Undergrad: 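I am attaching a structure below and will ask some questions about it afterwards.
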Amino acid sequence: MTITITAFESSPDGGRGLARDMPVRWALEEAGLPYEVRLVSFEAMKQPAHRALQPFGQIPTYEEDGLSLFESGAIVLHIALNHGTLLPEEPKARARATAWMFAALSTVEPPIVELEIATYFEADKSWNGERTPMIEQRIRARLDDLSAALGEPEWLAGGFTAADLLMVSVLRRLGGSGVLDAYPSLCAYVARGEARPAYERAFAAQLAVFAASQD
Ligand code: GTB
């Protein structure tokens, strides 16, 4: 079985591992699956050949033995369901962990992406000074609830699962904003994720791509 994913030829994140090939790489590393990476330029992403794999002209994509997938969450779910130990076996525990995967991507992440847009693309707008604190407040509302739900345990749904992989990936996108700093338990949660050997291997692999793009 050969697995091929796509990633930015030169990531605008400067090698910080914030692009969405990172959770896919991390899941593959957790599952112990070797993979190849096809690097794509922004131009190539918008061409029909890439859109046949990713209808929105984005990365990442995933190809495995005649199966092609897009959407990083769906790819991580596929890896978790079919390879390795990223989801519990017991059906109710599995359903609960899957709910947290969706919570990461559809409840916690949206205002975080809004903040990135406000920071990187709307900083010069006259209304940005009013909008940004409103977005930060919406993020804090999610983080208040997330830290309460996580409580003392190390991970969201028993042992480390794909839910933690996605939630940590989402929270990492707050890096540099300062918003996460008010949540020591969530900072520690992110640090626990980043300390996993599989995370470290995935991070190093994407950083090597970025470094090579700068040569
Ligand atoms: N919902 C899709 C998924 O989860 O797979 C979203 C995919 C997506 O947003 N892909 C982005 C992309 O291809 C890259 S990851 N963008 C190019 C385009 O749309 O033309 C998002 C991202 C980009 C940059 C940074 N950064 O610079 O920090 C972080 C995250």
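Whatever order the structure lists them in is the order used to number ligands and atoms, beginning at 1. Quantities reported herein were computed from a predicted structural model and do not represent experimental measurements. Values below: every heavy atom of this structure, side chains too, minus hydrogens, waters and symmetry copies. We're numbering straight along the sequence, starting at 1.
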Undergrad: Flag this pair as yes if the NZ/CZ of R25 is under 6.0 angstrom from the six-membered ring centre of Y35 and inside a 45 degree cone about the axis; otherwise no.
TA: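 No - R25 does not lie over the ring of Y35 by the 6.0 Å and 45° rule.
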Undergrad: Counting heavy atoms not belonging to Q214, are there more than 12 under 6.0 Å from its CD?
TA: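 Count over threshold, so yes.
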Undergrad: Dump the intermediate steps for salt bridge (charged side-chain N to carboxylate O under 4.0 Å, His left out) on E136 and R142, then the final yes or no.
TA: CA-CA 10 Å; E136 288 177 347; R142 293 302 189 218; over 6 Å; no
Undergrad: Among all protein non-hydrogen atoms, which one is nearest to atom 2 (C) of ligand 1, and what is the separation to 0.1 Å?
TA: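 Here the nearest protein heavy atom works out to E71 OE1, 3.3 Å.
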Undergrad: Could you find the nearest protein heavy atom to atom 28 (O) of ligand 1 and give me its residue, atom name and distance?
TA: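 So the nearest neighbour among protein heavy atoms is D13 CB, 3.2 Å.
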Undergrad: Nearest protein heavy atom to atom 9 (O) of ligand 1, by residue and atom, and its distance?
TA: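 Nearest neighbour among protein heavy atoms for atom 9 (O) of ligand 1, to 0.1 Å: R20 NE, 3.4 Å.
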Undergrad: Among protein heavy atoms, which lies nearest atom 17 (C) of ligand 1, and at what distance?
TA: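 Sorting protein heavy atoms by distance from atom 17 (C) of ligand 1 puts F42 CE2, 3.8 Å first.
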Undergrad: Out of all atoms in ligand 1, which are within 4.0 Å of some heavy atom of K46? Include the element for each.
TA: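 Once the distances to K46 are compared, the set is 18 (C), 19 (O), 20 (O).
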Undergrad: Would you say ligand 1 has an N or O under 3.5 Å from any N or O of Q54?
TA: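 In this structure, Q54 places no N or O atom under 3.5 Å from an N or O of ligand 1.
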Undergrad: With a 4.0 Å heavy-atom cut-off (strictly under), which part of F8 contacts ligand 1: side chain, backbone, both or neither?
TA: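 Contact part for F8 vs ligand 1: side chain (C-beta onward).
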Undergrad: Taking heavy atoms and a distance under 4.0 Å, where does E116 meet ligand 1: side chain, backbone, both or neither?
TA: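 For E116, no heavy atom sits under 4.0 Å from ligand 1.
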Undergrad: Which residue holds the protein heavy atom closest to atom 24 (C) of ligand 1, what is that atom called, and what is the gap in Å?
TA: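 For atom 24 (C) of ligand 1, the nearest protein heavy atom is P12 CG, 3.9 Å.
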Undergrad: For P60, take its heavy atoms, then give the atoms of ligand 1 lying under 4.0 Å from any of them.
TA: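 Near P60, the atoms of ligand 1 are 5 (O).
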Undergrad: List the closest protein heavy-atom neighbour of atom 19 (O) of ligand 1: residue, atom name, distance to the nearest 0.1 Å.
TA: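 Looking at atom 19 (O) of ligand 1, the protein heavy atom closest to it is Q58 NE2, 3.0 Å.
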Undergrad: For atom 5 (O) of ligand 1, what's the nearest protein heavy-atom neighbour? Residue, atom name and distance, please.
TA: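 It is S72 N, 2.8 Å.
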Undergrad: Can you pull out the closest protein heavy atom to atom 22 (C) of ligand 1? Residue, atom name and distance to 0.1 Å, please.
TA: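 Protein heavy atom at minimum distance: R173 NH2, 4.0 Å.
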Undergrad: Ligand 1 and I59, any nitrogen or oxygen pair closer than 3.5 angstrom?
TA: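 Between I59 and ligand 1, an N or O pair is found under 3.5 Å apart.
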Undergrad: Any side-chain donor paired with an acceptor under 3.5 Å for S185 and S147?
TA: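 S185 vs S147: no donor-acceptor pair found between side chains.
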